[in-house]
Amino acid sequence: MITVTRISKGKGPFYQVDLSVGEPLRVSEDVLIRYRLLKGRELDEELIKEIKKSSGEDFGFQQALNYLSYQLRSEKEIRTYLKEKEIVQEDRNKIVARLKELDLINDLVYGESYVRTQMRLSDKGPRKLSQQLQQKGLKPEIIEQALSQYLFEDQVEVASIAAQKAYKKNHGKSQKELLRKIQQNLMTKGFNSEVIQQAIAQLPQEVDEEAEYELLVSQGEKLWRKNARFDLTKRRMKVKQSLYQKGFNLDLIQRFISEKEAEISE
C-alpha cells in the first residue's frame with residue numbers, strides 16, 4: 001500500500017499530497033476532503049488513479065475560472081484554452097457543463113456583450129461582426145439574436161463617422177475616386193449598401209473644380225513624364241485613360257492634355 005506522508009498548501013487553491021511512493025498529488029480542497037486525504041492514509045493504485053482523474057478536472061476548472069476572470073469567453077474559447085492546458089476531452093466536457101450550470105458560459109450573453117462593445121469602440125458593420133462571432137464558435141441563430149440590437153440607425157451613425165474620418169485622411173484623390181474608395185472601405189467593414197449610401201450622402205458632394213484640377217495636374221504631370229517614350233497620340237491616350245480611371249472629369253482631363261500639347265508646339 002502507498003501512504004500519505006505529508007500534506008502542504010500548494011500554489012493557488014491546490015494542495016500537495018506527498019506519497020511514500022511515486023510522484024506527489026496536486027489536489028483541490030474539495031478532492032482533499034472527498035477522499036479524506038490525511039497524513040498516514042493508505043491508498044491503493046486504483047484509488048490514486050481515481051484521485052488523479054478528479055484532480056485533473058478540478059485543475060482544469062480552476063484554470064477556466066481564472067481565464068474567465070479577465071473577461072467573458074465563448075464556449076469555443078474555453079474549450080480551446082483547456083485543450084492548450086492539456087486537459088483531456090472528457091474533463092473538458094465536464095468543466096464546460098459545470099460552467100454552464102453556473103451560467104459562467106453563455107454564448108448569447110457573450111455575443112450580445114461583444115456586439116455592444118464593438119458598436120461603441122469599433123467601426124465594424126454587422127456582417128464583419130457576424131464573421132468574428134462565427135470564428136468564436138457562436139451558432140448562427142445566436143449571432144442573429146446578438147446582432148438584433150445593432151439597429152439600422154446605429155449602423156448609419158457608425159458608418160458615417162468612419163466615412164468622415166476616411167474623407168479627411170484621403171488626400172491626393174479625385175472626389176469620385178475618394179467616394180468610391182470610402183464605399184469599398186465601408187463594404188469591407190461589413191455594412192450593407194443601404195447603410196453605405198446614407199453614410200456617403202452625408203459627405204461633401206460638391207466638387208471644387210479648381211482644386212480638383214490642381215490635383216489632376218499634379219498626377220497628370222507624373223503620368224505625362226512616365227509615358228514620354230510613346231508618340232504623342234499614344235501618350236495622350238494613356239494619360240487620358242489613367243486620369244479617367246482615377247475618377248477625374250473628362251473635360252478637366254482634356255483641358256490638361258490640351259495644355260501639355262500646347263507646350264510641345266511652342
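Since this is a predicted model, take the numbers as computed values, not measurements.
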Under 3.5 Å, side chain of S160 to main-chain N/O of V156, donor-acceptor pair present?
-> yes
Hey, does the side chain of N66 reach the backbone of Q62 with a donor-acceptor pair shorter than 3.5 angstrom?
-> no
Going by an N to O cut-off under 4.0 Å, is there a salt bridge joining K100 and D107?
-> no
Indicate whether any N or O donor in one side chain lies under 3.5 Å from an N or O acceptor in the other, for Q118 and Y150.
-> no
Can you tell me if R229 uses its side chain to pair, donor with acceptor, with the backbone of K226 under 3.5 Å?
-> yes
R127 (side chain) donor-acceptor with T188 (main chain) under 3.5 angstrom = no
Can you tell me if Y67 and E77 form a side-chain donor-acceptor pair at under 3.5 Å?
-> no
Does the ring of F14 carry R26 above it, NZ/CZ under 6.0 angstrom from centre and within 45° of its axis?
-> yes
Side-chain touch R6/V17, heavy atoms, less than 4.5 angstrom = no
Indicate yes or no: at least one non-hydrogen side-chain atom of E112 is less than 4.5 angstrom from one of V115.
-> no
Side-chain touch I2/E42, heavy atoms, less than 4.5 angstrom | no
Is any side-chain heavy atom of L243 less than 4.5 Å from a side-chain heavy atom of L252?
-> no
Do T3 and L43 touch side chain to side chain, with heavy atoms closer than 4.5 Å?
-> no
Quick one: is the NZ or CZ of K76 closer than 6.0 Å to the six-membered ring centre of Y81, and within 45° of its axis?
-> no
Would you check if there is a donor-acceptor pair between the side chains of Q254 and K240 at a distance under 3.5 Å?
-> yes
Taking the six-membered ring of Y110, is the NZ or CZ of K136 close enough (under 6.0 Å from the centre) and on axis enough (within 45°)?
-> no
Examine distances only and state if a side-chain atom of Q175 and a backbone atom of P204 form a donor-acceptor pair shorter than 3.5 Å.
-> yes
Indicate yes or no: does R79 engage E75 in a salt bridge with an N to O separation below 4.0 Å.
-> yes
Examine the side chains of N185 and Q183 and answer whether a donor and an acceptor come within less than 3.5 Å of each other.
-> no
Give a yes or no on whether K128 atom NZ has more than 12 heavy-atom contacts from other residues, nucleotides or ligands under 6.0 Å away.
-> no
